[in-house]
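Worksheet for the structure shown next.
Because the structure is a prediction, the values reported are computed rather than measured.
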Amino acid sequence: MKRLLTIQDISCLGKCSLTVALPLISAMGVEAVILPTAVLSTHTMFKNFTVKDLSDQIVPIKDHWKSENVEFDAIYTGYLGTEEEIETVKDLIKDFKTENNLIFVDPAMGDNGKLYPAFDEAYAKKNATLCGVADVIVPNITEACFMTDAEYKESYDEAYIKDLLKRLAELGSKTVILTGVSLSEGKTGVMGLDTVKNEFFSYQNNKIDAAYHGTGDVFSSVAVGALMNDLSFTDALKVAADYTADTIKVTLDNPKKPWYGVDFEATIPELVDTLRKYR
Ligand code: PXL
């Protein structure tokens, strides 16, 4: 069984970060090792949330794992807390990087042209350096713009996305993937650049007119889980994009849906079935 380490916060209530990554990655048949960077009562879209920073635990936990000769097939980072913490995570990646493992970075820090409340531009620039030590990065357009000093646009064409992908590639990772990319009316999906083959790729499905919190974490968890199931990049991104879209659809149909996240729990059986078809 592949072993994946994911480093992000625990938002106790809120259906994002570790409470999404852990169940999804486990359901995909991959051992999920977690490194919680903070405990929050909820995610930061709630008012009056509490935060307990745990970043002083990263180094002792890492040192213990090193003394046990633990190795990871992938390291997946998501929402982190501070610039200092990003540096600590970069050190951890350096310590656990092997020739074959996959460093997958989701620089989760904003959406819709804005950074989340806890972050500023300096934090975005620090996240760009984390992207530089990754094999694969999956920012959305907002995060890409803050990291590369590009202008954020609500409406754009393929040339704008290609330009953003080239700017992201300059940060240093081999494969760069932009999420939340709409290349035509009524469609949404991802577009990527494989810098080794120098090839663009994209996947689009129907856009559902709803925006939910935590869908980026759902997408990233499934994408990295699918890569750990040995799916190709194209297949992994398709599985992740379709699963995220199906989950949003199911959530919309739930009359008692929570406002703060998606009902990803309801669609896990279909995800497992989909993966079986690739075996
Ligand atoms: O990736 C979403 C996320 C994760 N964790 C926390 C958040 C958010 C989005 O706002 O606030 C704490």
Side-chain angles (χ1 to χ4, degrees), residues 3-11 16-18 21-22 32-40 43-44 49-99 101-111 114-140 142-150 167-177 195 216-217 220-221 224:
R3 181 187 296 127
L4 175 150
L5 166 63
T6 180
I7 309 174
Q8 34 190 331
D9 70 277
I10 297 183
S11 292
C16 66
S17 44
L18 281 185
L22 183 53
V33 177
I34 61 168
L35 212 176
T37 54
V39 181
L40 294 87
H43 61 55
T44 60
F49 58 88
T50 69
V51 191
K52 171 73 180 167
D53 179 41
L54 298 176
S55 55
D56 65 351
Q57 295 303 300
I58 298 175
V59 172
I61 290 173
K62 173 190 80 172
D63 289 347
H64 181 215
W65 288 339
K66 269 283 160 197
S67 74
E68 293 286 335
N69 296 318
V70 179
E71 292 196 344
F72 300 109
D73 297 294
I75 299 177
Y76 155 38
T77 70
Y79 185 105
L80 300 172
T82 60
E83 291 175 57
E84 197 185 342
E85 186 178 309
I86 291 178
E87 280 303 320
T88 314
V89 169
K90 279 163 65 184
D91 287 342
L92 179 148
I93 289 172
K94 217 184 279 167
D95 281 354
F96 284 102
K97 180 71 193 146
T98 65
E99 231 171 77
N101 67 5
L102 181 82
I103 310 300
F104 186 101
V105 169
D106 181 353
M109 60 181 157
D111 210 354
K114 290 199 193 106
L115 292 173
Y116 295 142
F119 304 132
D120 58 17
E121 292 196 18
Y123 181 83
K125 288 286 153 51
K126 187 58 87 173
N127 240 341
T129 69
L130 178 61
C131 289
V133 301
D135 298 306
V136 181
I137 60 171
V138 287
N140 59 32
T142 301
E143 291 155 351
C145 288
F146 275 101
M147 290 194 295
T148 65
D149 290 322
R167 287 168 181 254
L168 286 170
E170 282 170 18
L171 301 180
S173 69
K174 285 194 277 290
T175 306
V176 296
I177 295 157
T195 66
D217 299 341
S220 294
S221 300
V224 72

Completion exercise
Applying side chain to side chain donor-acceptor pair (under 3.5 Å) to T6 and not counting sequence neighbours gives Q8
Handout entry: With sequence neighbours excluded, residues passing side chain to side chain donor-acceptor pair (under 3.5 Å) with S17
Key = D9
Completion exercise
Residues passing the side chain to side chain contact (heavy atoms under 4.5 Å, CB included) test with K52, sequence neighbours excluded, are L54
Fill in the blank from the handout: Scanning both residues in full, the closest heavy-atom pair of A124 with M109 reads CA-SD, 3.6 Å
Problem - Qualifying ring-ring contact (aromatic ring centres under 6.0 Å, His included) pairs, either residue in residues 119-139, two or more places apart - result: Y79-F119, F119-Y123
Handout entry: Where S220 and Y76 come nearest, the two heavy atoms and their spacing
Key = CB-OH, 3.4 Å
Practice task
Could you pull out all residues at least two apart from F146 that satisfy ring-ring contact (aromatic ring centres under 6.0 Å, His included)?
Solution key: none
Problem - Side chain to side chain, I75 and L92, heavy atoms closer than 4.5 Å - result: yes
Handout entry: Close side-chain approach of L130 and I93, heavy atoms under 4.5 Å
Key = yes
Problem - Those residues that, when tested against T88, pass side chain to side chain contact (heavy atoms under 4.5 Å, CB included) (two or more places apart) - result: I58, V59
Exercise for the section: Could you grab the distance from atom CD1 of I177 to atom CD1 of I137, nearest 0.5 Å is fine? Expected result: 8.5 Å
Handout entry: Result of checking V105, L35, I7 against V89 for side chain to side chain contact (heavy atoms under 4.5 Å, CB included)
Key = I7
Fill in the blank from the handout: Sorted by chain and residue number, the side chain to side chain contact (heavy atoms under 4.5 Å, CB included) partners of D73 (sequence neighbours excluded) come out as K2, R3, M228
Problem - Pairing residues for K114 by the salt bridge (charged side-chain N to carboxylate O under 4.0 Å, His left out) criterion, not counting sequence neighbours - result: none
Practice task
For the residue pair M147 and P107, establish whether any side-chain heavy-atom pair is separated by less than 4.5 Å.
Solution key: yes
Problem - Nearest heavy atoms of E143 and P139, plus distance in Å - result: OE1-CA, 3.4 Å
Problem - Candidate list L4, V136, T175, test side chain to side chain contact (heavy atoms under 4.5 Å, CB included), partner L102, passing option - result: V136
Handout entry: Counterpart residues, side chain to side chain donor-acceptor pair (under 3.5 Å), relative to E87 (two or more places apart)
Key = K90, K126
Exercise for the section: May I ask you to decide if G110's main-chain N or O and N140's side chain share a donor-acceptor pair within less than 3.5 Å? Expected result: yes
Practice task
Any chance you could measure T37, atom OG1, to E85, atom CD, to the nearest 0.5 Å?
Solution key: 4.5 Å
Problem - Closest non-hydrogen atom pair, R167 against T148 - result: NH1-O, 3.1 Å
Problem - I103 and K97: CA distance, side-chain angles, deciding distance, side-chain contact (heavy atoms from CB on, under 4.5 Å) verdict - result: CA-CA 8 Å; I103 310 300; K97 180 71 193 146; 3.6 Å; yes
Exercise for the section: Sorted by first residue and then second, give each side chain to side chain donor-acceptor pair (under 3.5 Å) pair with at least one member in residues 61-71; sequence neighbours left out. Expected result: K62-D95
Completion exercise
All heavy atoms of S221 vs all of D217, minimum pair found to be OG-O, 2.7 Å
Handout entry: Side chain N101, main chain F72, donor-acceptor under 3.5 Å
Key = yes
Exercise for the section: Go through the structure and list residues passing salt bridge (charged side-chain N to carboxylate O under 4.0 Å, His left out) with K125, not counting sequence neighbours. Expected result: D149
Practice task
For S173, enumerate each residue passing the side chain to side chain donor-acceptor pair (under 3.5 Å) test, keeping only those at least two apart in sequence or located in another chain.
Solution key: none
